[in-house]
Peer 1: 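Structure below; questions to follow.
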Amino acid sequence: MTLNNYSPVHEQCIALAATFQAAHLVNQIAHSGWQFSASHQVLIDSLFKFDVDTAIDIYENVTNLECGLNVLRAQLGGTGDARDPMVARYVAQLLALQSKVRKDRNILGSLKDKLESVDRDRSAYELAESTILAKLAEIYSTHVSSLRPRVLIHGNQLHLEPVENANAVRALLLAGVRAAVLWAQVKGSRWKILAGRGRYLSAANELVAAAARADPDC
């Protein structure tokens with residue numbers, strides 16, 4: 001397998017890894033606070049990729065998703081402490097939310113319009129990262145947070161209450177929904193995960209092996 005030659009299961013694994021990466025980073029903020037990294041940046045940037053041909057085009061390369069791939073591998077193949085039930089819960093909720101978002105053309109259209117507006121502003125005015133996160137958080141709050149199942153974040157209130165942390169959490173949840181929508185678009189489904197756990201684990205292992213370097217941020 002080369003970096004430009006992915007099977008359908010690899011495409012699904014890429015989208016699922018991005019969803020796990022978002023859930024993992026949200027959980028990390030909730031318990032440890034906000035510290036920006038390349039793993040966050042690729043997810044935020046994915047929200048501004050509107051016309052792409054493949055799943056990997058949204059995230060540029062596999063290395064950017066190594067954090068999510070490693071979390072996915074731990075969830076699928078790990079035992080005991082290797083698995084994080086809270087991350088698994090967030091992912092399940094994001095996968096359920098994507099169905100609501102994807103089937104509502106009004107929500108999809110509005111999300112795209114709002115994201116394109118933020119993209120234009122960040123290009124024209126060189127917006128600060130905190131401003132971008134605040135705008136993305138507002139989009140999530142307005143268009144997604146009222147849908148069910150609602151993603152309720154559990155953690156330390158000292159880390160969840162600061163505005164910057166709350167904005168980062170909502171922006172990452174929006175990126176997680178975007179990844180989950182992508183997962184469905186490349187024919188991912190819950191039964192494929194349940195019935196083909198081994199295939200997904202093998203695909204994740206192959207994608208990690210294909211990455212040029214390890215990600216130190218996860």
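In this chain, numbering begins with 1 at the start of the sequence shown.
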Peer 1: By salt bridge (charged side-chain N to carboxylate O under 4.0 Å, His left out), which residues pair with E164, not counting sequence neighbours?
Peer 2: none
Peer 1: Does some side-chain heavy atom of V118 sit less than 4.5 Å from a side-chain heavy atom of I139?
Peer 2: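 Contact flag for I139/V118 side chains = yes.
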Peer 1: Is any side-chain heavy atom of K114 closer than 4.5 Å to a side-chain heavy atom of E138?
Peer 2: no
Peer 1: Just by distance, do the side chain of N70 and the backbone of E66 share a donor-acceptor pair under 3.5 Å?
Peer 2: yes
Peer 1: Side-chain polar contacts of residues 147-155 - donor-acceptor pairs under 3.5 angstrom, sequence neighbours left out - could you list them?
Peer 2:
| residue | atom | partner | partner atom | Å |
| --- | --- | --- | --- | --- |
| R148 | NH1 | S146 | O | 2.9 |

Peer 1: I'd like to know if the side chain of N205 and the backbone of V208 have a donor-acceptor N/O pair within less than 3.5 Å.
Peer 2: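 The answer is no, because no donor-acceptor pair under 3.5 Å joins these two groups.
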Peer 1: Counting only heavy atoms not in K49 (residues, nucleotides, ligands), do more than 12 fall under 6.0 Å from its NZ?
Peer 2: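 Yes.
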Peer 1: Would you call W34 and N167 a side-chain contact if the rule is heavy atoms closer than 4.5 Å?
Peer 2: no
Peer 1: Do the side chains of F50 and I56 join up, straight or via other hydrophobic residues, at under 4.5 Å, putting them in one cluster?
Peer 2: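 Same cluster.
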Peer 1: Return yes if some donor-acceptor pair links the side-chain N/O of E116 with the main-chain N/O of D113 below 3.5 Å, else return no.
Peer 2: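 No, because the side chain of E116 does not come within donor-acceptor range (under 3.5 Å) of the backbone of D113.
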Peer 1: Is there a path from I132 to V163 through hydrophobic residues (I, L, V, M, F, W, Y) whose side chains come within less than 4.5 Å of each other?
Peer 2: no
Peer 1: Any chance you could lay out the side-chain contact (heavy atoms from CB on, under 4.5 Å) test for F48 and L136, step after step, and finish with the verdict?
Peer 2: CA-CA 11 Å; F48 305 111; L136 294 176; 3.9 Å; yes
Peer 1: Distance check, rounded to the nearest 0.5 Å: E129 atom CD versus L127 atom CG?
Peer 2: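 Separation between the atoms: 9.5 Å.
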Peer 1: Over all heavy atoms of both residues, which pair between H159 and A30 is shortest? Give the atoms and the distance, please.
Peer 2: CB-O, 3.8 Å
Peer 1: Find out whether L174 and L111 are in side-chain contact, i.e. whether some heavy atom of one side chain is under 4.5 Å from a heavy atom of the other.
Peer 2: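 A side-chain contact exists here, since the closest heavy-atom pair is under 4.5 Å.
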Peer 1: What distance do L201 atom CG and R199 atom CZ have between them, rounded to the nearest 0.5 Å?
Peer 2: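 Spacing of CG (L201) from CZ (R199) equals 12.5 Å.
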Peer 1: Quick test of your reading: applying salt bridge (charged side-chain N to carboxylate O under 4.0 Å, His left out), list the pairs with at least one residue in residues 170-197, sequence neighbours left out, ordered by first then second residue.
Peer 2: none
Peer 1: Start with the C-alpha gap between L25 and L43, add the side-chain angles, then the distance that decides, and say whether side-chain contact (heavy atoms from CB on, under 4.5 Å) holds.
Peer 2: CA-CA 10 Å; L25 294 175; L43 294 178; 3.9 Å; yes
Peer 1: Does anything in residues 107-149 pair up under ring-ring contact (aromatic ring centres under 6.0 Å, His included), and if so which pairs, sequence neighbours excluded?
Peer 2: none
Peer 1: Between the side chain of Q21 and the main-chain N/O of L69, is any donor-acceptor distance below 3.5 Å?
Peer 2: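 No, the answer is negative, given that no donor and acceptor are paired below the 3.5 Å cut-off.
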Peer 1: Of all the heavy-atom pairs spanning D57 and V52, show the shortest one and how long it is.
Peer 2: CB-CB, 3.9 Å
Peer 1: Looking at OG of S39 and CD of Q28, how far apart are the two atoms once the value is rounded to the nearest 0.5 Å?
Peer 2: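 One gets 8.5 Å once the value is rounded to the nearest 0.5 Å.
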Peer 1: Quick one: pull up CG in L97 and OG in S145 and give me the separation to the nearest 0.5 Å.
Peer 2: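 It is 10.0 Å, given to the nearest 0.5 Å.
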Peer 1: To the nearest 0.5 Å, what is the distance between CH2 (W183) and CZ (R102)?
Peer 2: 9.0 Å
Peer 1: Could you walk me through whether L160 and N165 satisfy the side-chain contact (heavy atoms from CB on, under 4.5 Å) test, starting with their C-alpha distance in whole Å, then the side-chain angles of each, then the deciding distance to 0.1 Å, before giving a yes or no?
Peer 2: CA-CA 6 Å; L160 289 172; N165 289 7; over 6 Å; no
Peer 1: Does CD in Q41 sit with more than 12 non-hydrogen atoms of other residues, nucleotides or ligands closer than 6.0 Å?
Peer 2: yes
Peer 1: Given 3.5 Å as the limit, does a donor-acceptor pair link the side chain of S202 with the main chain of G198, or not?
Peer 2: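 Confirmed, S202 side chain pairs with G198 backbone.
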Peer 1: Any idea which heavy atoms bring G188 and Y200 closest together, and the distance?
Peer 2: CA-OH, 4.3 Å
Peer 1: Testing the basics here: between Y6 and V62, what is the closest heavy-atom pair and its distance to 0.1 Å?
Peer 2: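 Closest heavy-atom pair between Y6 and V62: OH-CG2, 3.0 Å.
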Peer 1: Angle class for the H40/F36 ring planes (parallel below 30°, perpendicular above 60°, tilted otherwise)?
Peer 2: parallel
Peer 1: With side-chain contact (heavy atoms from CB on, under 4.5 Å) as the criterion, how do L207 and H10 come out once you've worked through the C-alpha distance, each side chain's angles and the decisive distance to 0.1 Å?
Peer 2: CA-CA 8 Å; L207 289 167; H10 287 113; 4.0 Å; yes
Peer 1: Any side-chain heavy atom of V181 sitting closer than 4.5 Å to one from Q98?
Peer 2: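 In short, these two side chains touch, coming nearer than 4.5 Å.
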Peer 1: Who are the salt bridge (charged side-chain N to carboxylate O under 4.0 Å, His left out) partners of K100, not counting sequence neighbours?
Peer 2: none
Peer 1: What pair of heavy atoms forms the shortest contact from L115 to L47, and how long is it?
Peer 2: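 Minimum heavy-atom separation between L115 and L47: CD1-O, 3.6 Å.
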Peer 1: Does any part of the side chain of V186, heavy atoms only, come nearer than 4.5 Å to the side chain of I14, both counted from C-beta?
Peer 2: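 No, side chains not in contact.
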Peer 1: N27 side chain to V87 main-chain N or O, any donor-acceptor pair under 3.5 Å?
Peer 2: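 No, N27 side chain to V87 backbone: no donor-acceptor pair under 3.5 Å.
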Peer 1: Got a sec: does the CD of Q157 have more than 12 other heavy atoms crowding it under 6.0 Å?
Peer 2: yes
Peer 1: I need the minimum non-hydrogen distance between L95 and A180, along with the two atoms involved.
Peer 2: CD2-CB, 3.8 Å
Peer 1: Run the salt bridge (charged side-chain N to carboxylate O under 4.0 Å, His left out) test against R122 and tell me which residues pass, sequence neighbours left out.
Peer 2: D45, D119
Peer 1: Just verifying a value: how many Å separate Q93 CD and T19 OG1, rounded to the nearest 0.5 Å?
Peer 2: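 Answer for the CD-OG1 pair, Q93 versus T19, is 13.0 Å.
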